[in-house]
Q: 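Sharing a structure here in structure tokens format.
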2 protein chains.
Amino acid sequence: MDFKKARILRSKSLADQVAEFISGQITRGAFLAGDVLPSETVLAGEFGVSRTVIREALARLKYDGLLESQKRTGAVILDHSERRTFRLDEIDIENKDDLGRLYEFRGILEKDIAALAAERHSESQMSRLSDALLGMERAIDEGSDGSAEDLAFHRILAEAARNSYLADFLKYLDRKIWVVIHDTRRSFPMDPELARLVLDEHREVYEAVAGCDAEKARSTMLRHIRCSACRQGVLTVHQTVLKG
Amino acid sequence: MDFKKARILRSKSLADQVAEFISGQITRGAFLAGDVLPSETVLAGEFGVSRTVIREALARLKYDGLLESQKRTGAVILDHSERRTFRLDEIDIENKDDLGRLYEFRGILEKDIAALAAERHSESQMSRLSDALLGMERAIDEGSDGSAEDLAFHRILAEAARNSYLADFLKYLDRKIWVVIHDTRRSFPMDPELARLVLDEHREVYEAVAGCDAEKARSTMLRHIRCSACRQGVLTVHQTVLKG
DNA sequence: ATTAAAATTCTTGTCAGACAAGAGAAACCG
DNA sequence: CGGTTTCTCTTGTCTGACAAGAATTTTAAT
């Protein structure tokens, strides 16, 4: 692999660019698991940067589980199974298709989270859910849109599903979506009437969960997500997901 | 925040430890979005390490979207919505509960992926799925267990669902699970009879997808995942998920 | 006094050079 | 030929240095 080809542009930091280039090479399959990278000094020479920069770049790749470095040997490429991170980068918030796929993903997760929550919730979780609903109502009365309570509702529900992996991931996914929602609501504030409709959607989910009715929890949550997607102008969430 | 409390142990690299400590502080809420960290020089002093180490630690946190650094200002804490990575670290492969949660997660995703694939697949994707099945059969005849083809089947199916976020994430999740499966099969190779049963499970999914029957695709895939979990000795996948 | 311009001062980004520790490779010795 | 010692390479860490950029302060001008 000839690293000299990587002529570097000045915009991101050098370490950024080197990391991007090398990780690109690795994911593109230019190296196999077990291969070793040239030594830091050599890389520094080939990229025409200092060893400091190379080290910072490699540090990231190690952190991501792409590399592992041993003294005397150098940095060895790890197997894919060692990869430590999942990134939802380069999503184009403006792109309705991307947002649609994100909503589809969210729907798939949240409908089953609601179903699980219906069967696994504790009493204290239910009372916190109820509090979130009350808070949302109060917020709407006071003229706000209750986003904070909305988000809290979903977080508590995820907790009630008692699968930390699910909950953690939903949190990550939600962050991406909430940026958009927040943005939309800033430009086009919801009128109280609509806000009340949203509140009702949450109430339906709550009732289903409180009644330990997994199927109903699933379907009401799905409707809620679908409506939420519509409110964001996303129409592509597929029927299949919306049905089941 | 008093960084001096972070007395550092010699095992991981210093940068590792510093990064861990600071990121812990941040996720634990010791800093709010917009706060700025002390300058690298100051941090170096407080941690009792060189600036090099601090820089490498901060580089990772920046990469993860926890920080952003500006000249003259320093490193500012970013909002949670900026976080760029999801990690499924510290899963205890040995722990059947953790593995159960992972399987639960996988079931939730794959059943809907199968349903979507039933509605969105292209002809070429179906022929590749079919090839995977044939390959699996051949592999079993030759005495292997057909893991590679098994994995390929799931990957192609995910592609057929036409939601890249879903597919990418499933890939990530699967890696974690396949490490375990691979391990199990090395210790306790599947006998051909069982392998054929697994093959049949895949065939059922294939038929449903080929027939564009989303509901059937969902249920057959779910049964497959459930059986797979059982074969790994995981019994905790919850009824709710298994039903719908 | 108010505003615009210039000098100052931090902080990050990058570089260069240094050395210890560990691990493999090579040389040496029995 | 096998085992031990020495050598050498690479990473991990430290130090000191300087440019560039941005905020702050000072200075100058109206």
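Since this is a predicted model, take the numbers as computed values, not measurements. Throughout, protein chains are lettered first and strands after them, A, B, ... in sequence-line order, and every chain is numbered starting at 1.
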Q: Check every atom of D/dG12, C/dA16, C/dG13 against the side chain of A/T52 and return the nucleotide holding the closest atom.
A: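 For the A/T52 side chain, the nearest candidate turns out to be C/dA16.
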Q: Using a 3.5 Å distance criterion without hydrogens, assess whether the side chain of A/R175 forms a donor-acceptor pair with backbone atoms of B/H80.
A: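 Here the side-chain-to-backbone pair exists.
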Q: I want to check one thing: is the phosphate of D/dG12, taken as OP1 and OP2, less than 4.0 Å away from some side-chain N or O of A/R55?
A: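 A/R55 to D/dG12 OP1/OP2: side-chain N or O found under 4.0 Å.
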Q: As a test of understanding, state which of A/R83, A/R87, A/R84 forms a salt bridge (charged side-chain N to carboxylate O under 4.0 Å, His left out) with A/D64.
A: A/R87
Q: Under 4.5 Å between any side-chain heavy atoms of A/R60 and A/D16, yes or no?
A: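 A/R60 reaches A/D16 side chain to side chain.
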Q: If you assign A/Q70 and A/S50 each to the DNA chain C nucleotide with the nearest heavy atom, which residue ends up on the more 5' nucleotide?
A: A/S50
Q: Can you check the B/E68 CD to D/dA22 P distance for me, whole Å?
A: 13 Å
Q: What is the distance, rounded to the nearest whole Å, between atom CD1 of A/I54 and atom C1' of C/dA16?
A: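 For the pair A/I54 CD1 and C/dA16 C1', the rounded distance is 15 Å.
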Q: Under the salt bridge (Lys or Arg N to Asp or Glu O under 4.0 Å) definition, can you give me all pairs with a residue in residues 155-167 of chain B, not counting sequence neighbours?
A: B/R128-B/E159
Q: Answer whether the closest heavy-atom distance between the side chains of B/V36 and B/F31 falls below 4.5 Å.
A: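 No, every pair of side-chain atoms sits at 4.5 Å or beyond.
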Q: Enumerate all atom pairs, one protein N or O and one N or O from nucleotides 4-10 of chain C, separated by less than 3.5 Å.
A:
unit_1	atom_1	unit_2	atom_2	d
C/dT9	O2	B/R72	NH1	2.8

Q: Considering only D/dC14, C/dT14, D/dT13, which nucleotide approaches the side chain of A/L14 most closely?
A: C/dT14
Q: Please answer whether the main-chain N or O of A/L88 pairs with a side-chain N or O of A/Y172 as donor and acceptor at a distance below 3.5 Å.
A: yes
Q: Establish, with yes or no, whether the OP1 or OP2 oxygen of D/dT11 is under 4.0 angstrom from a side-chain nitrogen or oxygen of A/T73.
A: no
Q: Both B/R51 and B/E56 contact DNA chain D. Which one's nearest nucleotide lies toward the 5' end?
A: B/E56
Q: Could you state the CD-P distance from B/E40 to D/dT13, rounded to the nearest angstrom?
A: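 The answer, rounded to whole Å, is 16 Å.
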Q: Roughly how many Å is it from CG in B/L67 to P in C/dT11, rounded to a whole number?
A: 16 Å
